[in-house]
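Before I ask anything, here is the structure I am working with.
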Amino acid sequence: MKRYDAIKRIVECLSNELIICNIGAPSRELFNIKDRAENFYMLGSMGLASSIAFGLAFSKPKKKVWCIDGDGSILMNLGSLSTIANHHPKNLTLIVIDNGSYGSTGNQKTYTSKKTKLEIIAKGAGFESITVINNEDEIKPTLKNLETGCHFIKINTQPGNAQVANIPLEPEEIKKRFIDSVSR
Ligand SMILES: [Mg+2]
């Protein structure tokens, strides 16, 4: 499974969730699979998708928030896992797509391709709900059956980016329509 396939499956499970998506290729892939105002394509702050998603979930407890993050990105911001786990917002699902590489900068290997296990770090950080997915077919049942809570889901994929077009929206536009959708 490639990250593109994983995002496709994630999108099939969406209802009204707000999505904060990791910078670069993951955001482009999500945009091309299914653009919606409720998608926030994070720009210019690698590593911070989980922090942005946490702040959103914490301040909007009635909204369901899914964060699509990556291994390279979460490795840059491991403190975010402790912050999220200790506050455990009941409306946040952190989905880390682990392809063992920095996909957006040329597929250089990350430490998850060597010894680092993000699910073990998440457990140590205090997450109580941790799921590791290796097979594309497991994504739908996992996301469709999510109970209210704070979840860490890691999806293992192969490295590689889909050849998709750039996002034609201006950053201001992404921000404005996302804020509008949060306020609805
Ligand atoms: Mg990666």
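Atoms within a ligand are numbered from 1 in the order they appear, just like the ligands themselves. These numbers come from a predicted model, not from an experiment.
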Name all residues meeting the salt bridge (Lys or Arg N to Asp or Glu O under 4.0 Å) criterion together with D71; count only those two or more places apart in sequence or in a different chain, and write none if there are none.
none

What protein atoms of element N, O or S are positioned under 2.8 Å from the Mg ion (ligand 1)?
D71 OD1, N99 OD1, S101 O

Is any side-chain N of the basic residue among R184 and E38 closer than 4.0 Å to the acidic one's carboxylate O?
yes

L146: which residues meet the side chain to side chain contact (heavy atoms under 4.5 Å, CB included) condition with it, sequence neighbours left out?
W66, T93, L143, H151, I153

Are a donor atom and an acceptor atom from the side chains of D35 and Y41 found within less than 3.5 Å of each other?
yes

Without hydrogens or angle criteria, can the side chains of S27 and E29 be said to hold a donor-acceptor pair below 3.5 Å?
no

Using side chain to side chain contact (heavy atoms under 4.5 Å, CB included) as the criterion, list what pairs up with L43, not counting sequence neighbours.
P171, I174

